[in-house]
2 protein chains.
Amino acid sequence: MFKDLDPLLHSQLRLGIMSILMAVEHADFTYLKEKTNATAGNVSVQIDKLEKAGYIKVAKSFRDKRPLTTCKISKTGIAAFEKYVNHLKTYINK
Amino acid sequence: MFKDLDPLLHSQLRLGIMSILMAVEHADFTYLKEKTNATAGNVSVQIDKLEKAGYIKVAKSFRDKRPLTTCKISKTGIAAFEKYVNHLKTYINK
DNA sequence: TAAATTTGGTTTATATTGTAAACTTGTTTA
DNA sequence: TAAACAAGTTTACAATATAAACCAAATTTA
């Protein structure tokens with residue numbers, strides 16, 4: 001009846017990050033932080049988890065002498081997100 | 001951009017219970033336990049939380065000499081569920 | 001009829017999380 | 001050059017989900 005919801009995506013902040021990354025080509029740390037209204041520490045931790053799961057790719061560089069963390073969703077991440085959304089529908093079905 | 005997701009509903013099991021209660025007039029403990037594939041302890045705890053939040057009404061009686069716990073969603077619960085679903089849409093928007 | 005099993009739960013313990021506060025490293029500004 | 005700021009990371013804590021253990025009453029079995 002109810003499909004299991006991927007615990008990695010069933011988290012407000014991680015879902016928000018993934019939702020943004022589904023819509024844009026890539027996003028940097030500060031952008032994600034602002035759009036989600038989350039604290040930096042929280043964003044940092046959740047980006048790590050998503051990266052470790054292979055849902056996103058993270059690249060670190062410098063822009064204007066300052067660190068720049070750029071995130072991009074992976075194929076695995078897209079698949080996981082779509083699966084999660086489908087599973088959600090078994091709960092909210094309409 | 002992203003709306004907050006009611007933490008009480010953003011839980012796989014509680015969402016499953018509420019989803020069932022949105023669809024039926026009322027449901028008893030064993031039915032909820034079976035449909036959600038959860039353990040009795042887990043169902044018991046989550047029913048308590050939903051009741052304390054005023055999202056469901058719980059009635060205890062006896063059927064065939066055995067305890068019977070019956071749950072029914074409240075108006076507050078219906079409103080909360082609908083709000084949750086709308087907020088979810090800001091994440092999965094499509 | 002005493003013991004074992006089943007039913008319908010509740011309570012308790014634990015392991016996992018989510019989260020923010022505190023910290024770090026480097027840069028800009030006053 | 002001290003203070004403030006930027007961009008994160010690490011750490012600590014509180015909250016949560018979950019299942020194991022437990023309980024009481026009824027039923028079945030030996």
Tell me the interatomic distance from [X], atom [atom1], to [N], atom [atom2], rounded to whole angstroms.
{"X": "I47(A)", "N": "dT17(C)", "atom1": "CD1", "atom2": "C1'", "answer": "18 Å"}
{"X": "D4(B)", "N": "dG18(C)", "atom1": "CG", "atom2": "C1'", "answer": "14 Å"}
{"X": "D28(B)", "N": "dG9(C)", "atom1": "CG", "atom2": "P", "answer": "7 Å"}
{"X": "D48(B)", "N": "dG8(C)", "atom1": "CG", "atom2": "C1'", "answer": "14 Å"}
{"X": "Q12(B)", "N": "dA19(D)", "atom1": "CD", "atom2": "P", "answer": "10 Å"}
{"X": "L32(A)", "N": "dT9(D)", "atom1": "CG", "atom2": "P", "answer": "12 Å"}
{"X": "K49(A)", "N": "dT9(D)", "atom1": "NZ", "atom2": "P", "answer": "15 Å"}
{"X": "L13(B)", "N": "dT16(C)", "atom1": "CG", "atom2": "P", "answer": "19 Å"}

Give the ring-plane orientation class for H10(A) versus H10(B), where under 30° counts as parallel, over 60° as perpendicular and anything between as tilted.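 H10(A) vs H10(B) ring planes: parallel.
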Hey, is the side chain of N42(B) poking within less than 4.0 Å of OP1 or OP2 on dA19(D), counting only N and O atoms?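 Answer is yes, contact under 4.0 Å.
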It should be established whether S11(B) places a side-chain nitrogen or oxygen under 4.0 Å from OP1 or OP2 of nucleotide dA17(D).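 Yes.
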Describe the nucleic acid contact of Q46(A) in one word from base, sugar-phosphate, nothing, applying a heavy-atom distance below 4.0 Å.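 The residue Q46(A) makes base contact.
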Check every strand shown and say whether V45(B) touches a base, only sugar-phosphate, or nothing at a heavy-atom separation below 4.0 Å.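 Answer is base: heavy atoms of V45(B) come under 4.0 Å of a base.
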Nearest-nucleotide comparison on DNA chain C, the residue closer to the 5′ end among A40(A) and H10(A):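 Its nearest nucleotide lies further toward 5', so the answer is H10(A).
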Mapping P7(A) and G41(A) to their closest nucleotides on DNA chain C, which lands nearer the 5' end?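 The residue whose closest nucleotide sits nearer the 5' end is P7(A).
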Positions of residues 58-71 of chain A (non-hydrogen atom under 4.0 Å from DNA chain C), listed by number: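 When residues 58-71 of chain A is checked for heavy atoms under 4.0 Å from DNA chain C, the hits, listed by number, are K65(A), R66(A).
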Distance-only polar pair, side chains of Y55(A) and D6(A), donor-acceptor under 3.5 Å: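 Short answer, yes.
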Establish, from distance only, whether the side-chain atoms of Q46(A) and N42(A) form a donor-acceptor pair under 3.5 Å.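 Result is yes, a qualifying pair exists.
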If every non-hydrogen atom of S19(B) is compared with every non-hydrogen atom of F2(A), which pair is closest and at what distance?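 Distance-wise, the nearest heavy atoms are OG-CE2, 3.4 Å.
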For D4(A), does its backbone N or O pair with a side-chain atom of H87(A) as donor and acceptor, under 3.5 Å?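 At least one qualifying donor-acceptor pair exists.
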Look at the side chain of D64(A) and the backbone N and O of R66(A), then say whether any donor-acceptor pair between them is shorter than 3.5 Å.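 Not confirmed, D64(A) side chain does not pair with R66(A) backbone.
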Is E51(A) paired with K57(A) through a side-chain N to carboxylate O contact shorter than 4.0 Å?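 No, no charged N to carboxylate O under 4.0 Å.
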